[in-house]
Amino acid sequence: MVVWTEFERSTIQDIFSKINYDVVGPAALSRCLIVYPWTQRYFGGFGNLYNAAAIMENPKVAAHGRVVLKGLELAQKNMDSIKATFADLSKLHSEKLLVDPDNFKLLTDCLAIVVAAELGEDFTAEVHAVFQKFLAVVVASLRKQYY
Amino acid sequence: MTSLSAKDKDRVRAFWAKVSGKEDKIGSDAFSRMLVVYPQTKTYFSHWKDLSPGSAQVQKHGKTVIAAVADAVTKIDDLTAGLLSLSELHAYKLRVDPGNFKILAHNLLVVLSIKFPKDFTPEVHVAIDKFLAAVARALSEKYR
């Protein structure tokens, strides 16, 4: 069972209230596809991913970035039961989407970097540590249904 | 993994020119941040009295580390040769598990993203990430 302190709960709530979903979601996903190009293997139907500019302007990438962030918001709203909340999503990624779970870390690393840019100096080491813990729980939950 | 292309090297040098002057703060922030966000890295510094971000030893070591990274930028054409003595230090004396190089690199990228929200574009990010991975490889050269 994940135990969250009051500081951690309020910090996560604070982060999600401050970030612009329409910016962070698309920016994190497109950054992942650019910095770790092998992740593009899962997005064959997304059209032009030829270079960084194309990826950043791709409307399907942007739309999917928002979907991913909505998923994270779901975790934020259910912080005491992220594993249960994500059971179906985990099955989806494992059985249908066939995503190598090591890729989850690549995306969350990009998320941390994008949120850092959004929050600037407010993204202190303490805030960063809490966000890192939250992302680690999300990733572990998404890995849970892989057999 | 992959080696640095000419374009990667240009991007690293161009971006690092912007970093010049702010290195000390960036190095100290990245290093102290790593100790907070990834507490397992503190195990290498049990001989220090104070591992909090404000401690003099932590601040100083952050500067040492970033000075070495800045030096590596000037040696980007041959990191293995350029970082030879540092590699021997890490292999025979410090014996830092190489997984930690990635962790430190990530914290450096986060700080760069905070300090340069506009300039740290995805293209710059991938070039710096590749560069730091190459530095890590050069540092691990003598491990076994």
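Of the atoms belonging to B/Tyr38, it is side-chain heavy atoms, and not backbone ones, that fall under 4.5 Å from chain A. Both the backbone and the side chain of A/Glu121 come within contact range of chain B, with heavy atoms under 4.5 Å apart. Heavy-atom distances place no part of B/Lys118 under 4.5 Å from chain A, backbone and side chain included. With a threshold of 4.5 angstrom between heavy atoms, A/Tyr36 approaches chain B through side-chain atoms but not through N, CA, C or O. Of the two parts of A/Ser30, neither the backbone nor the side chain holds a non-hydrogen atom closer than 4.5 Å to a non-hydrogen atom of chain B.
Residue A/Asp88 qualifies as open at atom CG: its count of foreign heavy atoms under 6.0 Å is 12 or below. For B/Gln57, the CD atom counts as densely surrounded, since its 6.0 Å shell holds more than 12 non-hydrogen atoms of other residues, nucleotides or ligands. Around atom NZ of A/Lys83, no more than 12 heavy atoms belonging to other residues, nucleotides or ligands sit under 6.0 Å away.
Both A/Leu97 and A/Leu29 are members of a single hydrophobic cluster when ILVMFWY side chains are connected at heavy-atom separations under 4.5 Å. By the criterion of side-chain heavy atoms lying less than 4.5 angstrom apart, applied directly or through intervening Ile, Leu, Val, Met, Phe, Trp or Tyr residues, B/Phe131 is not grouped with B/Leu84; the two fall into different hydrophobic clusters. By the rule that hydrophobic residues join a cluster once side-chain heavy atoms approach within less than 4.5 Å of another member, B/Phe15 and B/Val65 end up as members of one cluster. Cluster membership check: A/Phe16 does not share its hydrophobic cluster with A/Val23, using side-chain heavy-atom separations under 4.5 Å among Ile, Leu, Val, Met, Phe, Trp and Tyr. Note: the hydrophobic cluster containing A/Leu74 also contains A/Leu92 (ILVMFWY, side chain heavy atoms under 4.5 Å, direct or indirect links).
A pairwise comparison of heavy atoms in A/Ile113 and B/Leu109 identifies CD1-CB, 3.7 Å as the closest pair. Minimum interatomic distance between B/Thr121 and A/Arg31 (heavy atoms only, all atoms of both residues): C-NH2, 3.6 Å.
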Go through the steps to decide whether A/Glu126 and B/Arg33 satisfy the test salt bridge (charged side-chain N to carboxylate O under 4.0 Å, His left out), and finish with yes or no.
CA-CA 8 Å; A/Glu126 286 77 16; B/Arg33 187 175 282 261; over 6 Å; no
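Contact tally against chain B (heavy-atom pairs below 4.5 Å) for A/Thr124, A/Val114, A/Ile55, A/Leu119: the top residue is A/Thr124.
Side-chain contact check for A/Phe123 versus B/Val110: some heavy-atom pair is nearer than 4.5 Å.
Between B/His106 atom NE2 and A/Thr108 atom OG1 the span is 7.5 Å, to the nearest 0.5 Å. Note that the NE2 atom of B/His125 and the CG atom of A/Asp109 stand 8.0 Å from one another [nearest 0.5 Å].
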